[in-house]
Structures are given as structure tokens and as C-alpha cells.
Protein chains: 2
Amino acid sequence: MDAIDSFDRKLLDLLRHDARQTGRQLAEAVGLSPAACLRRVQRLREIGAIEREVAIISPQVAGQTVKLLVMLVIPPGKPDRIDRLRRKFAALAQVTTIYHVTGKADLVLTVECASMEAYANFTEVHFYSEDIASFETIVVLRSYDAHPEPAPKA
Amino acid sequence: MDAIDSFDRKLLDLLRHDARQTGRQLAEAVGLSPAACLRRVQRLREIGAIEREVAIISPQVAGQTVKLLVMLVIPPGKPDRIDRLRRKFAALAQVTTIYHVTGKADLVLTVECASMEAYANFTEVHFYSEDIASFETIVVLRSYDAHPEPAPKA
DNA sequence: AATGAAATTAAGTAGCT
DNA sequence: AGCTACTTAATTTCATT
């Protein structure tokens, strides 16, 4: 019912880079009719292979010019402590991604703020609490999205 | 010429979550006519406020089930060394993001592989070279996208 | 079962007030 | 900006393999 064939893979790979392509463009690229392509795309959305389609907003316009990686150490406690924190951080506008990780840190956040001062405020409000044992900030000078080609499966 | 007003901000915020909304839906949400909304969206694309629109593919389907953060230390050398490495990594299918950062590490990569063994291979091929002084791998147990609401600007 | 071609419906675009 | 007409794309139907 939810098998993915090579046409589907091709479509996913195209839409991953540009979700605004028309049925005709997709048809051209994969070698099927426009109708068949769009039928497949719809199915891929239904079965969750395509989770969602989003617009990438320029960080400048979004007013978030400073990006940081924050490694958080959470003090030992109830097992759901990390999940509670995760939910708390997910609700903050400045937090763009949350990684639950192994190693010295427990959570790694990517944070975007309007300025370093805004980030300083952010840390004071959110990291100086009983829930956070320690944190380390890594300033991102530049970030790049990688755009993988058809994927030479490792 | 490229001023962003509050209607534009609202549109960006809507499309950031779901880029497949129709003019009518946008109109309903922001309080303008469908045509006006789409005109604005088109302009936002032209001025680069909307960088692009992409489909988010389920990691399972993409066949990349293991996610890692890699902190790379680059030996001192020509100033363009980091940029050369950045470009090299950007071309790899397993690398999804590249951060050029301050601190102990110089580059932080997010890497996605089909398995841990695949990642082991990946490190052998790409990190055991003269260009990499050392690296540290952080295994991501779970990752979450944060979905900021209208943004309580910090 | 899924495709392609044609017909229908809906969306996006352009012109005018 | 809004409204309306025009154009293009998406969706559905249907005959075909």
C-alpha cells in the first residue's frame, strides 16, 4: 500500500529542492504524464512520505541575524525531564531545532536571535534555572544548507 | 522598494509552516483579497524574502535513519581552507547542514546516514585526511523542528 | 492497478476602476 | 487594494494496457 518505487523517489528528490514545480515540469523530469505525477505526489503526501511543504524565509527578513548552537547539560532527574524541556524550548520563537543527543551534552539547540544582546537576554531567562546544569554556546559564523544530489547511498 | 509590512510578515509566517496554501486561504487568514495576497507572495519571492519552497521528506523514506552532529577541527592553514572543505562537504549526500563556527571546533556538520556502519565508512573516507585535525561525533537520539508562532521578538 | 488523454474544476495572473 | 476576466495548473473521469 505504501511502497515507494523509483518514480516516487525521483519525485521526492525533485520536490525536496523545489516544491513549486508544476505537473508538467515533473512529468518532463521523470518521464510520466503530468496527471500521473500529480497523482503520485498526492499519494506521497497522504502516506506521509512528504511530511509538509514549507517556504524558506530569508533570515535577514525574519529578523534573526545571529545563529548559535547551544549544548545543554541537564541535571539527572526524572526520566521525562528532558522531554519536558524539549517541549518548553520548542515553543520559543528563537529556537529553530532541538536535538536530543548522546555525549557530554543532553540537548543541542539551534537558536536564532535578532542580536547578540537578544541572545544574552535569552540565556538569562531560559538557561539560568534549576533545569539546566550548564550550557555552552557556539557562535555560527555562517551556515550552509547542503543540497544532496540523487544520493549515492552510503 | 523592498519594504516588508505587517501583511507581508503574516504571509511569511503562514507560508513558513505550510507553503501550499491557496490565495483564498491566505486571504482568509490575513484579511486581504486572494489576488492581493498572491501578488504579495510573488513579490516576496522576487525580492528574496522567500528564498525557496521545499518539500520535507520523511527521514525514514529518505533512507537516512541515523543523524549525527560532527564537530570538526581544521588545522591552521591557508585562509580559504575552511571554505574549500565547506564546499566539499556540501556536495556529499549525507551532509545536510554545515555550520562555520567559533570555538574549539571550526566546522559543525549535521550528517544523516542509513546506518551507523554507513557513518563509520563515511568518517573513514572523509575525516581521516590531512585536512581534518580531529573530529568529535555526537549521536542524535531524536530531533525536533521548532515551529515558532508569530514570534515574540527578543 | 496504474497510465495517459480529455474534460472539469480550481487556482494563479493581469488589466482595469 | 479590490474586482473581474484571462490563463494556467490541478483534479477527476474514463477508456486503455
Side-chain angles (χ1 to χ4, degrees), chain A residues 1-63 145 147-151 153, chain B residues 1-63 145 147-151 153:
Chain A
M1 211 73 119
D2 55 344
I4 308 280
D5 68 13
S6 69
F7 284 114
D8 292 324
R9 294 216 163 275
K10 233 171 186 170
L11 289 169
L12 291 173
D13 216 65
L14 289 164
L15 295 173
R16 206 230 271 275
H17 298 288
D18 178 7
R20 270 188 68 74
Q21 295 175 85
T22 66
R24 198 177 295 184
Q25 289 174 291
L26 295 173
E28 180 79 15
V30 307
L32 284 175
S33 71
C37 287
L38 292 174
R39 267 194 296 256
R40 279 165 177 270
V41 171
Q42 202 165 330
R43 193 186 72 101
L44 290 169
R45 281 196 271 257
E46 278 162 13
I47 66 174
I50 296 174
E51 293 184 348
R52 57 207 177 97
E53 282 147 278
V54 301
I56 308 291
I57 309 304
S58 148
Q60 284 76 27
V61 172
D145 276 332
H147 301 304
E149 282 308 293
K153 276 286 145 47
Chain B
M1 211 72 121
D2 55 345
I4 307 279
D5 69 13
S6 69
F7 285 114
D8 292 324
R9 295 216 161 272
K10 233 170 186 173
L11 289 170
L12 291 173
D13 214 65
L14 289 164
L15 296 173
R16 203 231 265 284
H17 294 103
D18 178 7
R20 269 188 68 73
Q21 294 175 87
T22 66
R24 200 175 295 185
Q25 291 174 290
L26 295 172
E28 179 79 16
V30 306
L32 285 175
S33 71
C37 288
L38 292 173
R39 265 196 297 258
R40 279 165 179 271
V41 171
Q42 201 167 332
R43 192 185 73 100
L44 290 169
R45 279 196 272 259
E46 279 162 11
I47 66 176
I50 296 175
E51 294 183 348
R52 57 206 176 97
E53 282 146 278
V54 301
I56 308 291
I57 309 305
S58 148
Q60 283 76 27
V61 172
D145 277 331
H147 301 306
E149 282 308 291
K153 275 286 144 46

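Chain letters run A, B, ... following the sequence lines, proteins first and then strands; every chain starts at 1. Note that these values count all heavy atoms, side chains included, but never hydrogens, waters or copies made by symmetry.
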When rounded to the nearest 0.5 angstrom, what distance separates [atom1] in [X] from [atom2] in [Y]?
X	Y	atom1	atom2	value
A:Ile57	B:Glu53	CD1	CD	8.0 Å
A:Ile4	A:Arg43	CD1	CZ	5.5 Å
B:Cys37	B:Asp8	SG	CG	10.0 Å
A:Leu15	A:Leu44	CG	CG	8.0 Å
B:Arg20	A:Ile50	CZ	CD1	8.5 Å
B:Leu26	B:Leu38	CG	CG	6.5 Å

* To do: Verify, without hydrogens or angle tests, whether B:Gln25 (side chain) and B:Thr22 (backbone) share a donor-acceptor contact under 3.5 angstrom.
  =>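 Checking the backbone N and O of B:Thr22 against the side chain of B:Gln25, a donor-acceptor pair under 3.5 Å is found.
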* Look at the side chain of B:Arg9 and the backbone N and O of A:Val61, then say whether any donor-acceptor pair between them is shorter than 3.5 Å. => yes
Would you mind reading off the distance between [X] atom [atom1] and [N] atom [atom2], rounded to a whole angstrom?
X	N	atom1	atom2	answer
A:Leu32	C:dA1	CG	C1'	14 Å
B:Leu11	C:dG12	CG	P	12 Å
A:Asp5	C:dA2	CG	C1'	11 Å

* To do: Find the bend of the helix from C:dA1-D:dT17 to C:dT17-D:dA1 as the angle between its two terminal axes (five pairs each), to the nearest 10°.
  => 20°
* Asked: Which letter, B, S or -, goes with each nucleotide of nucleotides 5-17 of chain D from 5' to 3', with contact meaning a protein heavy atom under 4.0 Å?
  -> ----SSBBB----
* Name the closest nucleotide to the B:Arg40 side chain, picking from D:dG2, D:dA1, C:dG4. =>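 Looking only at side-chain atoms, B:Arg40 lies closest to D:dA1.
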